[in-house]
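Data block below; observations after.
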There are 2 protein chains.
Amino acid sequence: MSTDTLSPVSTLCLAILQCGEATGYEIKKESVEGDYRYFVDASYGSIYPALARLANDGYVTVREETHPGRPIRKIYSITPEGTDALIAALSQPPGPDQRRSRFLLVAKSAPHLPAAVVKAAVDERRRLLTEEMEHLRRITADYSDEPSVAWIVGYGLACMGTSLDYLEKNADDLVAIAKPPLADAAE
Amino acid sequence: MSTDTLSPVSTLCLAILQCGEATGYEIKKESVEGDYRYFVDASYGSIYPALARLANDGYVTVREETHPGRPIRKIYSITPEGTDALIAALSQPPGPDQRRSRFLLVAKSAPHLPAAVVKAAVDERRRLLTEEMEHLRRITADYSDEPSVAWIVGYGLACMGTSLDYLEKNADDLVAIAKPPLADAAE
DNA sequence: CCGAGATATATCGAACCGGGATATAGCCAC
DNA sequence: GTGGCTATATCCCGGTTCGATATATCTCGG
C-alpha cells in the first residue's frame, strides 16, 4: 500500500465500486443524484484523478469499452486489495459530520441583514427541505430491499423533519431579529 | 466590484468582520471553536488569501499593530463596500446544506463491513453527538444576549437531538445489516 | 427536417482550498 | 530550563472545484 490514508473521494469511489463496477461518470451521478448525495459530494475533477490513483495503487482495475464515435468507456472494478483498503479506511473513527450551511450563515448574520433577505432565505430553505423529504419518501419503496439505504433514508427523513419543524416554528423569531427595514438611521 | 460572486470563505470573513474587527488568527479560531463552527470551516490557507483579496477589492481595510518580537498583528475591518457585498452575497438563495458524513458512508457500506466496525462507528458517533450537545447546552447561557446565536444553537440542538435519538433507537438494526463475523464463506 | 439542447463520457486547466511545516517569542508546567 | 502551548502570519504541496472542451447519439420544438 503506497498511501496509508485514503482521501475522502477515493474512499467514496471504493465504496461505490464495492456495489458493482462503474464508470467515472456513473460514480459522479451516484454522488450527485443517487443514494450518496445526502452526505458526500464529488466532482469530475476529483473523481477521475482519484480513480487514476486507485488504479495505480492496485485497488481498482480498468476495462475499456470502445464504442465507435463516443469517448472510451473506462469501467472500473474494485480488487480484493481495494476491498481491504476500503474496510481499513472505514474502520477508522468517522469523526463528526461536517456541515456547510449558507442558510445558517444568513441566520447568524440576521441582525445585519434586511428582514426581506432573511425571510427569503427561510422560505427557500423550507421549500428545499420539503422537496427533499418528498423525494426521499418516494424512493423509500424502490429501495426497501436494500436495508442500509432504508436505514439512511430513515435517518435523513428524521433529521430533515426536525429541521423543517424548527424552521416553521421559529421562522418568525428569526425574521424579527433582522434589521428592521424602516429604522436604518441608527447603525 | 471586481468579482461579482464572493467565494464561501470570503463571505465568511465578511460575516465575521461585520461583528467587529479581527485578525486572521481570530477568524480562524471563530470558525473552528466559535459560533460558526457548526456550519462552516476554514483554514489559514484559505482565510489569509481571502483576506488579501478582500483588501485588494476594497471590502476590508488593514491596520497593522507591531508588538516587539511578535509577528505583526494585521487587524482587518469591513468597509461600507464590504457590507454591501456581504448583503449581496447573503441575498442569493442559500441552496441546500452540504453535509459530509463519514459515518453515513459507513452506514451505507454496512453490508460489506464487519459488524464490529459498524458498531464502533455507531458508538463513536453517539459519543461525539452527546459531547457536542452538552457543549451547546453549556454555552447557551453565555450567548443569551445574542438572539441569532441562540436561534442557531436551538436549531443545532434540535437536529442533534433527533440524530442521537434515531441512532439510539436504530443502532441495533444497522449492526444487524453488517456482514456477520462467522459466516464469511459466502461472499 | 433542421437546429437546440440534453445525454453519455472523459480530459484539461486555472483558481481555490486544506493541512501541515515554519518562524518567533513570551508563558506555564514539571 | 526544556518542552509544549498561545498568538500570529506565511508558504507550499497536493487535492478539489468548477467550468470549458470534444464528440456522437437522441429528442423535442418549430
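In what follows, chains are A, B, ... by sequence order, proteins preceding strands, each numbered from 1. Note that this is a predicted model, so its numbers are computed, not measured.
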Contacts of Tyr76(B) and Pro8(A) projected onto DNA chain D by closest heavy atom; the upstream (5') one is Tyr76(B)
Please compare Lys28(B) and Thr23(A) by the position of their nearest nucleotide in DNA chain C and report the one closer to 5'.
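Nearer the 5' end of the strand: Thr23(A).
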Without decimals, in angstroms, what is the distance between [X] [atom1] and [N] [atom2]?
X        : N       : atom1 : atom2 : value
Lys74(A) : dA10(C) : NZ    : C1'   : 7 Å
Arg73(B) : dA9(D)  : CZ    : C1'   : 12 Å
Tyr25(B) : dG19(C) : OH    : C1'   : 16 Å
Arg53(B) : dA15(C) : CZ    : C1'   : 9 Å
Tyr48(A) : dT11(C) : OH    : P     : 7 Å
Leu51(B) : dT10(D) : CG    : C1'   : 13 Å
Glu64(B) : dA7(D)  : CD    : C1'   : 16 Å
Arg63(B) : dA9(D)  : CZ    : P     : 12 Å

So what does Ser7(B) hit on the nucleic acid, given a heavy-atom distance under 4.0 Å: a base, only sugar-phosphate, or nothing?
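Contact class for Ser7(B): sugar-phosphate only.
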Going by atom type alone, with no hydrogens or angles, which donor-acceptor pairs under 3.5 Å involve a side-chain atom of residues 153-163 of chain B and a protein atom two or more places apart or on another chain?
unit_1    : atom_1 : unit_2    : atom_2 : d
Tyr155(B) : OH     : Arg125(A) : NH2    : 2.7
Tyr155(B) : OH     : Ser163(A) : OG     : 2.5
Thr162(B) : OG1    : Thr162(A) : OG1    : 2.3
Thr162(B) : OG1    : Ala158(B) : O      : 3.2
Ser163(B) : OG     : Tyr155(A) : OH     : 2.5

Mind jotting down which residue pairs meet the salt bridge (charged side-chain N to carboxylate O under 4.0 Å, His left out) criterion with at least one end in residues 102-122 of chain A? Sequence neighbours excluded, please.
Lys119(A)-Asp123(A)
Please determine whether a side-chain nitrogen of the Lys or Arg among Asp57(B) and Arg53(B) lies less than 4.0 Å from a carboxylate oxygen of the Asp or Glu.
no
Mind checking what makes salt bridge (charged side-chain N to carboxylate O under 4.0 Å, His left out) contact with Arg37(B), not counting sequence neighbours?
none
Contacts of Glu65(B) that satisfy salt bridge (charged side-chain N to carboxylate O under 4.0 Å, His left out) - sequence neighbours left out
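For Glu65(B), the residues satisfying salt bridge (charged side-chain N to carboxylate O under 4.0 Å, His left out) (neighbours in sequence not counted) are Arg63(B), Arg73(B).
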With sequence neighbours left out, write down each residue that passes ring pair (Phe, Tyr, Trp, His ring centres under 6.0 Å) with Tyr25(B), or none if nothing qualifies.
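Applying ring pair (Phe, Tyr, Trp, His ring centres under 6.0 Å) to Tyr25(B) gives none.
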Would you say Ser46(A)'s side chain and Ala42(A)'s backbone share a donor-acceptor pair under 3.5 angstrom?
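No, because the side chain of Ser46(A) does not come within donor-acceptor range (under 3.5 Å) of the backbone of Ala42(A).
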The bend of the helix from dC1(C)-dG30(D) to dC30(C)-dG1(D), taken between the axes of its five terminal pairs at each end and rounded to 10°, is 40°
So side chain to side chain donor-acceptor pair (under 3.5 Å) across residues 77-87 of chain B, not counting sequence neighbours, yields Gln18(B)-Thr83(B), Glu21(B)-Ser77(B), Thr79(B)-Glu81(B)
Residues within residues 36-45 of chain B bordering DNA chain D, heavy-atom distance below 4.0 Å
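Result for residues 36-45 of chain B: Tyr44(B), sorted by number.
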Output the single nucleotide from dA9(D), dT9(C), dG18(C) whose closest atom is nearest the side chain of Glu26(A).
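The closest nucleotide is dT9(C).
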Please set out all donor-acceptor pairs under 3.5 angstrom arising from side-chain atoms of residues 26-33 of chain A, sequence neighbours excluded.
unit_1   : atom_1 : unit_2   : atom_2 : d
Glu26(A) : OE1    : Thr23(A) : N      : 3.0
Ser31(A) : OG     : Lys28(A) : O      : 3.1

